[in-house]
Enquirer: 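Dropping the structure in here first, questions after.
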Amino acid sequence: MSELHLYNSYSRQKEKFEPITPGHVGLYVCGPTVSGESHLGHARPYITFDVVNRYLQHLGNKVRYVRNITDAGHFEEEGREAEDKVAKKALLEMLEPMELVHKYTSLYHWGMQEFNCLEPSIEPTATGHIIEQINMIEDIIAKGYAYEVNGSVYFDVKKYASEYPYGKLSGRVIDDLLETTRELEGQEEKRDRADFALWKNAPPEHIMRWKSPWGEGFPGWHIECSAMSSKYLGQRFDIHGGGMDLQFPHHESEIAQSTIAHGCAPVNYWMHNNMITIEGRKMGKSYNNVIKLTELFSGNHPMLEQPYHPMVIRFYILQTHYRSTLDFSNEALQASEKALRRLWEAYEVLQKLPVPANAEAADAALDANIRTFCHNCADDMNDDFNTARVLANLFELAPTINGIKGGQVKAGAISSATHELMLHTFKTYLEDILGLKPLQQNRDAKLDAVLQLVIEMRKEARNRKDYAASDKIRDMLAAEGIQLKDEKGGEMSYSID
RNA sequence: GGUAUCGUGGCCGAGUGGCUAGGCUCAGCUCUGCAAAAGCUGCUACAGCGGUUCGAAUCCGCUCGAUACCUCCA
């Protein structure tokens, strides 16, 4: 039995996973900024780390999964002018930050549910932890690694970098950062270009503001994760995850802040998922190629040929290793839809198949192959969460399962124990760990009864060789998206799109 | 410009130096009243050029190409 190894972005290699406290795992994942609707790009980290969470639990760990909501910062909504530009308008016409936060948090939660992502143990908000952030900033100032200018506080990267390996996580060279020629807002306040804000003074028109030792303002971009992760997981915890694009500056800054405030590096294992691309380009606001989740599920987007079921998206994401880029296309998603459907049907067939009575397999080679594919699932998950290979293993089982049903594989070819092992493997990996669900659920009992009636009528028509009638029934149902399948022995089954 | 990552068959994608990844598509066959479904078979690739090695998609070098980060970003 192999042990879990995962790729640590910090060391840039696969490492054996050993939790700080055996049997317990602290997992922190950077959550969304709820100033806009979640999109396809957001789906990847949350599905990726949902599987990480599920698998760690499967291995017997008690996982505390913390995923934050970033609800502080500069808030604007598309199609609506920012508050500072319409200061004179009536209160109800003004942009109320909580309104946006509420709306998009709800939409995000809805999306996560659609994807069948388990809820995190704690979902802290940035605005709910202003005091913790202020405390942490004060601590960093007291230790001499931050300075205040005009009500804003900046982290002294140069000083930090002279003593600690700043840039190691993201492969950055500090001298290059210091030479950046880019002009940025508020740059003149910083002692050095590489410095980053811990606290920002709020200009009069800024609507989100809190009192602090440095005047009214709001927290910087990186401090919330450090403050909240240490509060709920400890100053040093096991896994921190997020998208690759957060490696720099976000996570690099987190390491620097926490190292000074707590005297130790905050995280043992850094995990970063790769990006989803569209036509080879990263999906992002700046590229104008964002597909929102609502659009994805409804098909209401110029780039979409059809709606895509959340489980198809989940399957499509899990078919690729999380550290590879994943290119979006209608073709790829449609292939995923067919593949998931076929795999799930094989699973359902398996569940309905009678367990063979024989303890010995009639086809020893086949039996051994099946067992190997089942056992490989654990090894593949342990190899840095290789969900693509897990799915490939499950697909390998499908021909045998369908073959037993269709009669191409002899009953008794595999042993009863192997049959049970297949059932267990599907249940454990497909449902529990990969978190997949069938595309159509809660089949309506009345619809089923009606269909059984229709099937009965078609059987009768076929029995009297009235093929015109039997074909008509089949064609009319097909037009409604219901496929009838004639099986051996005159039985019929159906599937609904 | 700096720093990384990547380049796999019609498409998507996994790959630990030697053994069929897998999915989708396509073609043929079996089954079937005809279909569909299912099963079987076939399509056998690793950007290019060198090098290391008994042996490289996998290691090294160069070239070309792509992307990402360096700015809010999953």
Side-chain angles (χ1 to χ4, degrees), chain A residues 12 14 29-33 35-36 38-49 70 73-74 167 170-173 175-177 179-185 194 221 241-250 252 272-277 280-287 290 315-316 319-321 323-329 331-340 342-343 345-346 349 376 379-380 383 386-396 398-409 462 465-467 470-471 474-475 478 483-488 492-495:
Chain A
R12 290 160 196 275
K14 282 183 196 171
V29 173
C30 287
T33 301
S35 62
S38 302
H39 56 75
L40 176 59
H42 292 106
R44 195 166 194 195
Y46 306 132
I47 289 171
T48 297
F49 290 104
T70 298
H74 194 75
S170 53
R172 236 32 63 136
V173 180
D175 292 335
D176 294 339
L177 294 171
E179 285 166 18
T180 302
T181 53
R182 189 182 294 272
E183 286 303 326
L184 292 168
E185 213 179 316
W221 298 315
M244 249 176 193
D245 50 351
L246 297 180
Q247 233 173 30
F248 189 90
H250 187 58
E252 199 71 68
H272 295 277
N273 64 274
N274 215 317
M275 301 290 105
I276 288 182
T277 57
R281 307 215 66 158
K282 175 184 156 183
M283 181 178 295
K285 272 184 208 160
S286 39
Y287 296 121
V290 168
F315 178 86
Y316 154 78
Q319 249 188 327
T320 305
H321 187 83
R323 284 191 288 114
S324 301
T325 55
L326 171 56
D327 197 50
F328 165 89
S329 70
E331 205 183 356
L333 279 175
Q334 284 157 15
S336 287
E337 184 174 326
K338 284 185 186 170
L340 174 58
R342 193 170 88 87
L343 186 62
E345 274 174 21
V349 165
N376 281 348
D379 292 335
D380 291 333
D383 185 12
N386 197 328
T387 55
R389 292 239 301 236
V390 171
L391 285 169
N393 290 328
L394 296 179
F395 270 108
E396 294 280 12
T400 300
I401 294 167
N402 290 326
I404 292 171
K405 185 195 179 194
Q408 295 95 340
V409 176
R462 289 185 73 209
K465 304 223 187 296
D466 182 358
Y467 295 122
S470 75
D471 287 354
R474 188 173 64 197
D475 292 345
Q483 274 76 48
L484 286 187
K485 299 169 202 169
D486 295 342
E487 289 168 6
K488 291 211 166 173
M492 262 175 243
S493 64
Y494 66 88
S495 65

Enquirer: For Gly41(A) and for Gln334(A), locate the closest nucleotide of RNA chain B by heavy-atom distance; then report the residue assigned to the nucleotide nearer the 5' terminus.
Expert: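 Comparing both residues, the 5'-ward one is Gln334(A).
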
Enquirer: Within the structure, does a side-chain N or O atom of Lys338(A) lie under 4.0 Å from either OP1 or OP2 of rU25(B)?
Expert: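 So the side-chain polar atoms of Lys338(A) do come within 4.0 Å of the phosphate oxygens OP1 or OP2 of rU25(B), strictly under.
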
Enquirer: Can you tell me how far P of rG15(B) sits from CD of Glu396(A), to the nearest Å?
Expert: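 Roughly 16 Å, once rounded to whole Å.
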
Enquirer: Provide the closest heavy-atom pair for Ala388(A) versus Gln319(A) in the form atom of the first, atom of the second, distance.
Expert: CB-O, 3.1 Å

Enquirer: Just N and O in the side chain of Arg389(A): are any of them under 4.0 Å from OP1 or OP2 of rG13(B)?
Expert: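 The answer is no; no side-chain N or O of Arg389(A) sits under 4.0 Å from OP1 or OP2.
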
Enquirer: Check this one for me: any side-chain N or O of Arg462(A) less than 4.0 Å away from OP1 or OP2 of rA35(B)?
Expert: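 Looking at the OP1 and OP2 atoms of rA35(B), neither is under 4.0 Å from any side-chain N or O of Arg462(A).
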
Enquirer: Apply side-chain contact (heavy atoms from CB on, under 4.5 Å) to Phe315(A) and Glu337(A), showing your working.
Expert: CA-CA 8 Å; Phe315(A) 178 86; Glu337(A) 184 174 326; over 6 Å; no

Enquirer: Let's see if you can work this out: which of rG39(B), rC72(B), rG33(B) has an atom nearest to the side-chain heavy atoms of Arg342(A)?
Expert: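 For Arg342(A), the side-chain atoms sit closest to rG39(B).
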
Enquirer: In this structure, how many angstroms lie between the C1' atom of rU30(B) and the CG atom of Asn402(A), rounded?
Expert: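 Those two atoms, CG and C1', are 15 Å apart.
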
Enquirer: Without decimals, in angstroms, what is the distance between Leu394(A) CG and rG13(B) P?
Expert: 20 Å

Enquirer: Rounded to whole angstrom units, what separation is found between the CG atom of Asp486(A) and the P atom of rA35(B)?
Expert: 12 Å

Enquirer: What nucleotide, of rC40(B), rC73(B), rA14(B), holds the atom closest to the side chain of Lys282(A)?
Expert: rC73(B)

Enquirer: In sequence, state the C-alpha distance, the side-chain angles, and the governing distance for Arg44(A) and Asn274(A), and then conclude on side-chain contact (heavy atoms from CB on, under 4.5 Å).
Expert: CA-CA 8 Å; Arg44(A) 195 166 194 195; Asn274(A) 215 317; 3.8 Å; yes

Enquirer: Using only modelled atom types and a 3.5 angstrom limit, is any donor from either the side chain of Asn274(A) or the base of rC6(B) paired with an acceptor on the other?
Expert: no

Enquirer: Does Leu340(A) or Arg12(A) map to a spot on RNA chain B nearer the 5' end, using the closest nucleotide for each?
Expert: Arg12(A)

Enquirer: Compare every heavy atom of Leu246(A) with every heavy atom of Cys30(A), then report the nearest pair and how far apart it is.
Expert: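 Result for this residue pair: CB-CD1, 3.7 Å.
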
Enquirer: Could you work out the separation of rC34(B) and rA21(B) based on their P atoms and round it to a whole Å?
Expert: 36 Å

Enquirer: Report yes if a side-chain nitrogen or oxygen of Arg281(A) is closer than 4.0 Å to either non-bridging phosphate oxygen (OP1 or OP2) of rA68(B); otherwise report no.
Expert: yes

Enquirer: Between rA14(B), rC24(B), rA74(B), which nucleotide gets closest to the side-chain atoms of His42(A)?
Expert: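 The closest nucleotide is rA74(B).
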
Enquirer: From Leu326(A) CG over to Ile276(A) CD1, what is the distance, rounded to the nearest 0.5 angstrom?
Expert: 5.0 Å

Enquirer: What's the closest nucleotide to the side chain of Met275(A) if the choices are rC34(B), rA74(B), rC24(B)?
Expert: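 The answer is rA74(B), which lies nearest to the side chain.
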
Enquirer: Of the listed nucleotides (rA14(B), rA36(B), rA74(B)), which one gets closest to any side-chain atom of Thr33(A)?
Expert: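 Between rA14(B), rA36(B), rA74(B), the one nearest the side chain of Thr33(A) would be rA74(B).
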
Enquirer: With side-chain contact (heavy atoms from CB on, under 4.5 Å) as the criterion, how do Arg389(A) and Asn376(A) come out once you've worked through the C-alpha distance, each side chain's angles and the decisive distance to 0.1 Å?
Expert: CA-CA 9 Å; Arg389(A) 292 239 301 236; Asn376(A) 281 348; over 6 Å; no

Enquirer: Give Ala398(A) one of three labels, base, sugar-phosphate or nothing, depending on what nucleic acid heavy atoms sit under 4.0 Å from its own.
Expert: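 Answer is sugar-phosphate: Ala398(A) comes under 4.0 Å of backbone atoms only.
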
Enquirer: So what does Gly406(A) hit on the nucleic acid, given a heavy-atom distance under 4.0 Å: a base, only sugar-phosphate, or nothing?
Expert: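 Counting heavy atoms under 4.0 Å across all strands, no contact is made by Gly406(A).
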
Enquirer: Counting Watson-Crick and G-U wobble pairs only, both distances under 3.5 Å, name the nucleotide matched with rG55(B), or none.
Expert: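 Pairing partner, where one exists within any strand: none, as none qualifies.
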
Enquirer: Does rG22(B) have a Watson-Crick or wobble partner in any strand here, with both distances under 3.5 angstrom, and which is it?
Expert: rC12(B)

Enquirer: Please determine, for the side chain of Tyr467(A), which listed nucleotide (rG22(B), rG33(B), rC11(B)) has the closest atom?
Expert: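 Within the option list, the nearest is rG33(B).
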
Enquirer: Donor-acceptor pair under 3.5 Å: do we get one between Arg474(A)'s side chain and the base of rA36(B)?
Expert: no

Enquirer: Taking atom C1' in both rU63(B) and rC72(B), what distance in whole Å separates the two?
Expert: 37 Å

Enquirer: CG of Asn273(A) versus P of rU5(B): gap in Å, rounded?
Expert: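 Atom-to-atom, Asn273(A) to rU5(B), this comes out as 17 Å.
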
Enquirer: Over 60° means perpendicular and under 30° means parallel, so tell me whether Tyr46(A) and His42(A) are parallel, tilted or perpendicular.
Expert: parallel

Enquirer: Using atom C1' of each nucleotide, how far apart are rA14(B) and rU8(B) to the nearest Å?
Expert: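 One C1' to the other, the span is 10 Å.
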
Enquirer: Please state the C1' separation for the pair rG65(B) and rC49(B) - nearest whole angstrom.
Expert: 15 Å

Enquirer: Given atom CZ of Phe395(A) and atom C1' of rA14(B), what is their separation to the nearest angstrom?
Expert: 13 Å

Enquirer: What nucleotide, of rG39(B), rC34(B), rG13(B), holds the atom closest to the side chain of Asp327(A)?
Expert: rG13(B)

Enquirer: OP1 or OP2 of rG15(B) sitting under 4.0 Å from any side-chain N/O of Asn386(A)?
Expert: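 Yes, because at least one side-chain N or O of Asn386(A) sits under 4.0 Å from OP1 or OP2 of rG15(B).
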
Enquirer: Does rC31(B) pair with anything, Watson-Crick or G-U wobble, both distances under 3.5 Å, and if so, with which nucleotide?
Expert: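 In the structure as shown, rC31(B) has no Watson-Crick or wobble partner.
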
Enquirer: Has Tyr46(A) got its ring stacked on rA74(B), by the test of a centre gap below 5.5 Å and a plane angle below 30°?
Expert: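 No; by the centre-distance and plane-angle rule, Tyr46(A) does not count as stacking on rA74(B).
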
Enquirer: With rounding to whole Å, what would you report as the distance between rA57(B) and rG1(B) at their C1' atoms?
Expert: 33 Å

Enquirer: Tell me which nucleotide among rC72(B), rG13(B), rA74(B) gets nearest to the side chain of Ile276(A).
Expert: rA74(B)

Enquirer: So which nucleotide does rU5(B) pair with, by the Watson-Crick or G-U wobble rule with both distances under 3.5 Å?
Expert: rA66(B)

Enquirer: Could you tell me the separation between the CG atom of Leu326(A) and the P atom of rG23(B), rounded to a whole number of Å?
Expert: 18 Å

Enquirer: Answer yes or no: is there a donor N or O on one side and an acceptor on the other, between the side chain of Glu252(A) and the main chain of Gly167(A), under 3.5 Å?
Expert: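 Yes, Glu252(A) side chain to Gly167(A) backbone: donor-acceptor pair under 3.5 Å.
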
Enquirer: Taking only the C1' atom of each, what is the distance from rG9(B) to rC43(B) in whole angstrom?
Expert: 9 Å

Enquirer: At 4.0 Å (heavy atoms only), tell me whether His39(A) reaches a base, stays on the sugar-phosphate, or touches nothing.
Expert: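 Here His39(A) touches the bases of the nucleic acid.
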
Enquirer: Tell me: CG of Asp245(A) to P of rU5(B), nearest whole Å?
Expert: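 So the two atoms are 17 Å apart, to the nearest Å.
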
Enquirer: Any salt bridge linking Lys405(A) with Glu345(A)? Criterion: basic side-chain nitrogen under 4.0 Å from a carboxylate oxygen.
Expert: no

Enquirer: Given the C1' atoms of rC59(B) and rU16(B), what is the spacing between them in whole Å?
Expert: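 13 Å, rounded to whole Å.
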
Enquirer: NA contact type, Met244(A), heavy-atom cut-off 4.0 Å: base, sugar-phosphate, or nothing?
Expert: nothing

Enquirer: Looking at Ser324(A), does any N or O in its side chain come under 4.0 Å of the phosphate oxygens OP1/OP2 on rA14(B)?
Expert: yes

Enquirer: Provide the distance between the two P atoms, one in rA38(B) and one in rU25(B), to the nearest whole Å.
Expert: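 Per the computed distance, 9 Å lies between those P atoms.
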
Enquirer: Heavy atoms under 4.0 Å, any strand shown: does Ala335(A) hit a base, just sugar-phosphate, or nothing?
Expert: sugar-phosphate

